[in-house]
Amino acid sequence: MAAELAARAEDGRRPAPSRTARTSAKGEQTRARLVAAARTLLAGEGFARFSTRNVAALCGISHGMCHYHFQDRTALIVAVVEDIGPEWIGPMEAAVDGPGTFAERAERVIGLLTQPEGPDLSRLHSALHWFALNDDRVRAAVDGDYRRWRECFVRLFQVLADEHAGAFDPVPPGTALAAAADGLAALQSLDPGVDPEATVRILVAGLAGAAVRRDP
């Protein structure tokens with residue numbers, strides 16, 4: 001009983017969560033709901049009906065509340081770009097930056113590149129690319145993510161360069177693999193009969209061989 005009374009007394013001395021903290025948490029929840037709704041609209045209907053008004057309606061909140069959290073439609077689209085980044089870039093960064101030789105890291109990369117991109121994420125990327133062509137702020141956000149994506153492959157080939165005493169610049173083969181991977185993803189979305197593993201293995205082996213090859 002004494003221990004229980006002491007615990008209650010201790011609870012009584014703990015400050016209750018402030019109103020500001022509660023409001024902030026609720027605001028973050030609302031913001032997250034808006035981003036999720038924006039993703040749903042972009043993946044389902046692309047840019048045809050995308051607007052802050054439609055996103056707010058899907059969330060069941062007022063249009064004014066949407067603009068309280070996001071100044072305009074572009075700010076909401078940029079938030080979507082930031083939200084999906086960890087989903088497709090994070091695993092590749094982990095595969096490249098994890099321990100192991102070039103061959104071991106390349107195997108992890110090949111494993112990721114041969115996994116088909118989910119239809120929702122594929123449609124999201126397509127919609128975001130369209131907005132990037134027409135809005136400089138979206139373009140900057142999308143470009144930033146693709147720079148991170150390309151840098152993964154440059155770091156992969158940096159490992160190979162280090163294994164060969166810096167025999168080559170890792171940027172060209174890394175950039176070439178990133179571009180080829182993007183093209184393969186687009187091709188797979190149109191033709192499911194493409195063999196992604198065989199294609200990626202040829203790409204990695206060919207680029208690695210060309211990078212370390214020296215003229216006699």
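- Taking 4.5 Å as the limit, some side-chain heavy atom of I61 sits within range of a side-chain heavy atom of L34.
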Enumerate, atom names and distances included, each donor-acceptor pair closer than 3.5 Å involving a side-chain atom of residues 90-99, sequence neighbours excluded.
unit_1	atom_1	unit_2	atom_2	d
E93	OE1	R148	NH2	2.9
E93	OE2	R148	NE	3.2
E93	OE2	R148	NH2	3.2
D97	OD1	R155	NE	2.9
D97	OD2	R155	NH2	3.0

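- Residue pairs meeting the salt bridge (Lys or Arg N to Asp or Glu O under 4.0 Å) criterion with at least one partner in residues 195-208, sequence neighbours excluded, are E107-R201, E197-R201.
- Side-chain atoms of E104 come within 3.5 Å of backbone N or O of T101 as a donor-acceptor pair.
- The backbone N or O of T175 sits nowhere less than 3.5 Å from a side-chain atom of R150 that would complete a donor-acceptor pair.
- The line from OG1 of T114 to CG of L112 is 7.5 Å long, rounded to the nearest 0.5 Å.
- Between L128 and I84 the shortest side-chain heavy-atom distance falls below 4.5 Å.
- Here SG of C66 is found 10.5 Å from CZ of R31. Values are rounded to the nearest 0.5 Å.
- Judged by distance alone, the side chain of R73 and the main-chain N or O of S51 form no donor-acceptor pair under 3.5 Å.
- Contact check on D135 versus R139 returns no salt bridge, with no Lys/Arg side-chain nitrogen under 4.0 Å from an Asp/Glu carboxylate oxygen.
- Annotation: the span from T52 atom OG1 to M65 atom CE amounts to 14.0 Å, rounded to 0.5 Å.
- Between V109 and L156 the shortest side-chain heavy-atom distance falls below 4.5 Å.
- Every pair passing ring pair (Phe, Tyr, Trp, His ring centres under 6.0 Å) that includes a residue from residues 75-100 is listed here, sequence neighbours excluded: W88-H125, W88-Y146, W88-W149.
- A donor-acceptor pair shorter than 3.5 Å can be found between the side chains of H63 and R53.
- Here the CZ atom belonging to F157 is positioned 7.0 Å from the CZ atom belonging to F168, to the nearest 0.5 angstrom.
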